[in-house]
Each structure stands twice: as structure tokens, then as C-alpha cells.
Amino acid sequence: MDIENAAKAKGSGKSTFCDQVMPSSTRPWVRICQDTIGNGKSGTKAQCLKSAASALKDGKSVFIDRCNLDREQRLEFVKLGGPNVDVHAVVLDLPAKLCISRSIKRTGHEGNLQGGKAAAVVNRMLQKKELPKLSEGFTRITLCLNESDVQACLNTYSALGPMDTLPNGYFGQKNPDAKIQLGIMKFLKKAEVPAANTISDASRIQSSFSPQVFQEKNPGYKRVENVSSFPVNTAKDLKECEDLAVCSAGSHILNDDAPTLAFPSISTSDFQFDLEKASDIIIKKVEEFVNKLGNVRLVLVDLSHRSKILSLVKAKATEKNIDSSKFFTFVGDITRLCSERGLHYNVIANAANWRLKPGGGGVNASIFNAAGPALEVATKEQAKSLQPGKSVAVPLPSTSPLFSREGITHVIHVLGPNMNPQRPNCLNNDYITGCKVLSEAYTSLFEDFASIVRTQAKLAKGKNVNLVTNPLGLQEHNEGVNMKHSPNNDQKSKREDVNYYDKSKKYKGSLYEAEANIHDFRTEKEHTNNDKIDASTTKVWGSWAQALYHIAMHPEKHKDVVLEILDDVVILHDLYPKARRHLLVLTRSEGLDCLTAVRKEHLNLLRTMHDVGMRWVEKFLQEDASLIFRLGYHSAPSMRQLHLHVISQDFDSKHLKNKKHWNSFNTAFFYDSVDVIKDVSNHGKATLRDDESLLSTELRCHRCRSAHPNIPRLKSHISNCRAPFPHSLLQSGRLVLPP
DNA sequence: GTTCTAGAAC
DNA sequence: GTTCTAGAAC
């Protein structure tokens with residue numbers, strides 16, 4: 001099989017890199033494609049070189065679109081423009097698994113043998129492949145390991161204007177020498193089951209085969225050989241990117257997992273503090289804390305690449321040789337650094353006003369706006385006002401978009417000194433006091449951040465010591481994971497033998513979820529070590545299964561969904577109701593996650609849950625006497641934290657979409673509350689009936705028991721079926737009808 | 001829990 | 001060609 005031909009087949013797709021960049025770019029790009037250079041047909045390398053040289057001469061920027069898998073192939077292209085041309089490589093190095101499945105699919109050999117052969121060819125190619133290095137003469141290399149890397153890179157190049165330059169360096173991976181993707185051997189065994197085929201998949205395959213070299217002419221740009229890497233791998237705005245290049249040369253550390261504080265420059269905008277003095281203070285305080293804090297990152301953020309304060313701080317950081325993996329400057333909206341710029345961060349500082357109120361302008365308005373009303377409420381709980389030089393850390397409720405979208409767990413409000421006569425407490429140019437107060441402000445900010453990090457580390461540690469019989473390094477994992485949160489990180493783990501660390505990385509490791517994750521480690525560990533352990537402790541909850549737990553622990557922070565907060569339970573609307581009326585009665589008892597854990601001591605709680613549910617049913621029946629209700633638990637719930645479903649039997653809801661939805665409420669999987677209470681009362685526990693097959697059984701009408709071929713047909717039937725309910729449901733008060 | 005989507009079923 | 005399911009990803 002000829003890999004280049006394979007690449008060409010998919011290269012014709014519109015989703016290739018050049019095709020996406022060229023139309024949206026204001027730069028004069030020329031694409032040199034070996035596959036089409038010979039009057040639409042495949043040409044030679046020499047033809048490519050010739051065309052590229054002539055385009056460069058005309059002042060064009062050039063894409064070299066061909067398989068440049070090894071150094072030798074690339075060498076002549078890199079040399080083309082001479083020392084005044086910027087030479088970039090964009091390496092589209094997507095999972096090997098994908099290449100193989102695509103190539104198998106493409107050649108039409110889906111059988112076991114051919115599939116295996118195709119996989120072997122790809123495997124050989126990948127083994128041979130040599131990723132580009134800066135030492136070959138590239139000024140910038142961007143390695144894309146997944147779709148979102150590719151998208152970020154596309155954005156970067158699409159935004160590149162005729163005169164713009166990009167920072168030099170190696171972006172995207174710690175080890176540019178990596179040759180073969182782990183897990184490939186495991187994939188080979190599965191090669192007989194080719195993965196699905198789409199256009200976008202096709203383009204990914206091509207990409208994998210052909211690291212492509214893009215050259216752009218840039219007269220007047222001085223070429224640098226040994227350039228730095230940045231702790232950034234996605235950047236949209238190229239101009240702004242220049243400001244990212246603050247790191248010391250030679251550093252290849254992408255310390256992306258470390259707890260990260262993003263902070264604006266305090267007092268330098270509206271409060272008109274002198275920039276020179278402010279930058280000195282920032283550098284001094286950063287130097288002081290960077291070593292003290294251990295494995296964390298401090299990131300100074302400003303909106304514009306023209307930011308004076310960023311350039312000053314950047315220059316001074318370089319001068320002072322501050323570790324660029326621990327401190328760097330970054331251009332972007334502080335409320336969107338993760339979603340828009342790919343920077344993982346956990347805590348942000350706000351340049352607050354003394355009332356700690358939203359509004360005003362600048363960072364304060366922007367953070368309060370982005371965080372939603374939840375931040376204002378949470379802030380009020382912590383403090384009413386703030387003195388200059390002080391800060392206050394506010395845990396961000398999980399309802400805040402900054403939490404869910406960006407992964408920010410805390411906002412630290414900081415009030416700096418004011419030099420603006422139009423604002424309160426103006427220091428009238430008294431920079432002796434001013435510098436002292438600004439120093440205090442940063443000290444307070446960094447100490448608050450340190451305290452958040454320490455608390456979380458301790459929490460993780462404490463739980464481990466208590467819960468894990470054989471720590472096996474888990475402690476370390478948890479600490480590492482603790483502050484990590486990466487909503488937009490779709491980089492897949494290349495390892496297929498998922499260990500605890502890998503697994504944990506898949507969680508959104510917010511501070512709140514950290515606890516839950518630790519719980520997971522324990523249970524999974526115990527499960528592997530001891531098969532005899534009770535089922536109630538072996539369940540592993542995914543990160544998405546924590547929502548009800550969070551609500552139960554902090555119902556006051558979820559006023560948007562919570563209907564009623566009582567001592568033992570919380571009542572809320574099911575987020576995706578499967579009927580006209582669908583409530584959840586949620587226990588507030590921590591650690592009671594599902595029915596299997598319920599024992600005699602929970603009887604009172606079960607009765608309370610039932611009674612509260614019944615009270616709401618009565619209310620609903622008064623509003624609509626045609627409704628009929630059923631109260632019960634899912635035998636094996638998807639969401640953590642024991643919850644009772646209170647659901648009307650119309651099942652008239654757009655959210656009821658699949659067999660599992662239907663069967664979870666209409667087979668023995670649905671465990672009537674009255675039966676649970678009876679069973680726990682009689683036998684001390686609920687009898688297990690979480691047979692997975694219950695969820696995939698045929699679809700039957702809950703009234704007349706007729707079977708239906710699919711969900712739409714079933715829904716159409718139940719909307720009209722008025723047959724009486726089965727005898728069993730009418731007994732023991734399982735169904736609740738109007739009096 | 002939902003969303004996304006390939007491909008099976010119609 | 002369209003509908004629907006089911007599995008993966010989150």
C-alpha cells in the first residue's frame with residue numbers, strides 16, 4: 001500500500017488544513033501540493049521545490065502540502081527561502097488507531113487478514129516517521145495530537161495577516177522524539193473491526209501520515225535557531241501570541257497540570273498606578289512566591305498584546321531568569337482562557353472594588369458578568385467589603401459558567417491602591433504608601449492562592465491516608481490531579497491500559513469533584529483487591545455523575561433547580577424530566593449514594609423521602625387531576641446520591657428518548673418506594689434487581705402491556721392508551737391517583 | 001445522566 | 001433517503 005496515495009485520497013476533502021486556512025486568510029498563500037502539481041496529477045519533489053521557490057520570490061507565503069515524514073524529505077524545503085524566511089511545521093499527528101482504521105476502510109479490505117496487513121503498514125510508517133525538530137531549521141513547530149489542537153492551529157494560521165509573525169518555538173508536546181504511538185499493538189488486534197468512516201476522519205488520517213511543512217515568507221524577520229517553547233499550545237490570535245513568548249530559552253516543560261492562578265495586573269488600569277513601579281512589584285512578589293509555592297503556575301493576564309504592563313513584566317521576568325514554567329504572561333480574556341486559549345487554570349484574581357460589587361468596568365465587570373449571579377452570592381458569604389492591599393478568596397459555585405466552562409474553582413478578589421483622583425481612597429501620588437499597599441495586595445493574593453492549593457492537597461492526602469489501605473502512590477496522583485480541570489482537553493490518553501492516573505485525568509478535577517474522585521479511587525482499589533467486597537462500595541461514579549451530590553451538599557448554591565430544602569432532603573426538578581411532572585427527592589446524607597447502600601438505619605430517611613414526595617404529588621394532583629404518579633428508585637442509578645423519582649405516568653416528554661429511559665421507569669428496574677421501605681423494614685436491605693438486561697428488554701406499554709418496535713411508536717401509543725394499569729401497580733399504593 | 005453520530009433498519 | 005438505535009465520549 002502506498003501511503004502517499006492513501007493520503008491523497010482523503011486530501012481532496014475540504015477539511016484539509018490548507019483548504020481551511022487559505023480562504024479565510026488575508027495573507028497571500030500559495031499551496032504547493034505534490035499530488036496535483038503535475039497539471040492536476042501527481043508530480044515530483046523537484047517540481048514542488050521549483051514552484052515554492054518562485055512563489056517565495058513573488059512575496060507569497062507558501063504551504064508545502066506533501067508527505068514530509070522524515071528529515072531528509074524536509075531538508076530541501078526548509079533550506080528554500082534562506083535565512084530570512086520563517087519556516088514553520090504543522091504536524092498533524094493524530095492517533096495511530098485512526099490512521100489504521102481509515103486506511104483499512106479506504107482500501108476496502110475489511111477482512112481480518114487485509115485489515116491486519118494495512119495496520120502493519122501503517123505501523124511501519126509510523127515507526128519510520130521522524131517528527132520535525134527545531135534544529136532542522138524550523139522556526140516554529142506546532143504539533144497537533146487531536147482535533148482541538150488542529151482547530152486551534154487552524155485558527156492561528158487563519159488569523160495570520162500579511163505582516164504578522166508568530167512566536168518561535170515548539171508547541172504541543174513534551175517529547176518531540178516520540179516516534180510511535182503507544183497502544184498501537186493493542187489496536188492491531190482489533191483491526192478486523194474497522195472504525196467508522198467520515199470525511200473529517202479521512203482528513204485526520206491523511207494528516208497522520210503526512211506531517212506537512214508550511215513555509216511562509218517573512219522578510220525582515222530574523223531567524224532564531226534555538227528557540228523557547230511556551231506553556232501554551234493553543235492560541236488563536238497571532239499578534240497576541242507574541243506576548244506569550246516570555247519563557248526562557250530551551251525550556252520544554254509544559255507544566256500544564258499544575259494548579260494555576262491567572263491574575264490581572266492590579267491597580268494599573270483604572271487606578272492609574274505607575275506601570276514601571278507596578279511591574280517591579282509584580283516581579284518581586286512572583287519571585288518570592290514562585291519558589292515557595294512548589295508546583296504551581298502564576299500567570300499574568302491582560303486583554304491586549306499591546307499591553308504595556310505585560311511587556312514590562314515579561315522583560316523583567318526574562319531578566320531575572322524566573323522559571324517560565326511557573327510564571328509567564330498571557331494574552332486573553334481572563335474569563336475565557338481555557339475555552340478560548342487552551343490554558344488550564346483553576347483560580348483567577350479579580351481587580352475588585354472595595355464594595356466587592358459587580359459593575360464598574362474592566363476586569364471586575366467582566367469577571368462578575370462571566371461568573372453569573374452565583375459569584376455575587378458567594379462573595380457576600382465571604383466578605384462585605386475589602387481594604388486596599390487585602391484580598392478575599394471566594395469558592396466558585398458549580399452553577400457558575402466560569403466553573404463549568406473554564407474549570408475555575410475560586411475567584412480571589414484583590415483591592416489594590418488607587419492613584420486615580422476620580423476613585424475612592426486616592427493616594428495622591430504617594431507612591432511610598434502605594435507601593436507598600438500594592439505589595440501587600442500581591443502577597444495577600446498569592447497567599448490566598450497558596451492556601452487554596454494547600455487545603456486541596458491536604459484534603460486529598462487526608463482522604464487517602466484514611467481510605468486507601470495500600471497507597472501505591474495514589475497520594476501523589478491525587479495531589480497532581482487535584483487542581484486539574486480541563487473542560488476542553490480532548491486529548492485522548494494514548495495508553496489503553498488505563499491506570500488510576502489516566503482515569504483520574506479524564507475527570508474534570510475541580511476542587512469539589514476532587515473529593516468524589518478520591519472516593520472513586522478507594523472503591524475501585526478495593527474492588528480490585530477484594531472481590532468479595534460488598535457491591536455498595538464498588539460502584540465507580542464518573543465525573544458527570546456528581547451533579548446531584550453537589551446539589552445535596554450545597555443546595556443553597558443551586559437555587560435555580562432546587563424547589564425546597566429540608567433538613568434531610570432536597571427537592572428539585574429533574575433536569576431532563578421524562579414526564580409532565582418529574583421531581584427528585586434527594587437525600588442530603590453524605591455517602592448514601594444508591595439503594596444498595598440502604599440499611600435499616602435509613603428507614604426513617606426513606607419514609608421522609610416518600611412523605612415529602614407524596615406532599616408534592618398532592619400539590620400536583622390539585623393542579624391537574626388527570627395525572628397519575630409513581631414514586632420509586634432506580635435499581636442502579638447513573639447519578640450518585642440516593643434520589644427518589646416522583647414521576648407522572650403520562651411520560652409525555654421530549655427528554656424520553658430511548659429504551660433505557662423507558663425501561664428504567666417501567667420494568668423491575670424501577671423500585672417502588674413503598675416496596676423499598678417494606679423490603680428494608682423486613683429484610684434490612686433492598687433486594688437487588690439491577691439486572692442490566694431489564695433496560696434493554698422490549699418496549700411495552702405500562703398500561704396495556706402491548707409491545708412496540710421503537711420509541712416513537714411506543715410514545716405514540718402511550719399518548720392514546722387509556723387501558724387500566726396492571727393489577728400489580730394498583731396494589732400497595734404503588735400508583736398514586738387523585739382521591 | 002446527555003450528546004453525538006455511524007450505520008442498521010426501514 | 002430517512003429514521004432510529006446503540007455505543008462512545010463526556
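In what follows, chains are A, B, ... by sequence order, proteins preceding strands, each numbered from 1.
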J.: To the nearest Å, how far apart are A:Ile647 CD1 and B:dG1 C1'?
T.: 14 Å
J.: Centre-to-centre under 6.0 Å for A:His661 and A:Tyr576, is that the case here?
T.: no
J.: Is it the case that the ring center of A:Phe665 lies less than 6.0 angstrom away from the ring center of A:Phe670?
T.: yes
J.: Give a yes/no on whether any side-chain N or O of A:Lys654 is located under 4.0 angstrom from OP1 or OP2 of B:dT2.
T.: no
J.: Identify whether any heavy atom of A:Lys660 sits under 4.0 Å from a base atom; if not, whether one sits that close to sugar-phosphate; answer base, sugar-phosphate or nothing.
T.: nothing
J.: Is A:Asp672 close to A:Arg630 at the side-chain level, that is, under 4.5 Å between some pair of heavy atoms?
T.: yes
J.: Could you check which of C:dC4, C:dA6, B:dG1 has an atom nearest any side-chain atom of A:Asn710?
T.: C:dC4
J.: Calculate the interatomic distance between A:Tyr576 atom OH and B:dG1 atom P; express it in whole Å.
T.: 12 Å
J.: Rounded to whole Å, how long is the line connecting atom NE2 of A:His661 with atom C1' of C:dC4?
T.: 14 Å
J.: I'd like to check A:Asp675 versus A:Thr687 (side-chain heavy atoms, cut-off strictly below 4.5 Å). Are they in contact?
T.: no
J.: So what does A:Ile711 hit on the nucleic acid, given a heavy-atom distance under 4.0 Å: a base, only sugar-phosphate, or nothing?
T.: sugar-phosphate
J.: Which whole-number value in Å describes the distance from A:His655 NE2 to B:dG1 P?
T.: 14 Å
J.: Can you tell me the distance, in whole Å, between the CD atom of A:Gln641 and the P atom of B:dG1?
T.: 14 Å
J.: Expressed as a whole number of angstroms, how long is the span from A:Lys715:NZ to C:dT5:C1'?
T.: 14 Å
J.: Is there a donor-acceptor contact under 3.5 Å linking the side chains of A:His550 and A:Ser398?
T.: no
J.: Find the distance A:Leu572:CG to B:dG1:P and express it as a whole number of Å.
T.: 12 Å
J.: Need one value for A:His634: base, sugar-phosphate or nothing, where a base atom within 4.0 Å counts as base even if backbone is also close, heavy atoms only.
T.: sugar-phosphate
J.: If I take atom CG in residue A:Asn658 and atom C1' in nucleotide C:dA8, what distance separates them, rounded to the nearest angstrom?
T.: 14 Å
J.: Report yes if a side-chain nitrogen or oxygen of A:Lys657 is closer than 4.0 Å to either non-bridging phosphate oxygen (OP1 or OP2) of B:dT3; otherwise report no.
T.: yes
J.: Does the structure show A:Trp544 stacking with B:dG1, if we require the centres to be closer than 5.5 Å and the planes to be within less than 30 degrees of parallel?
T.: yes
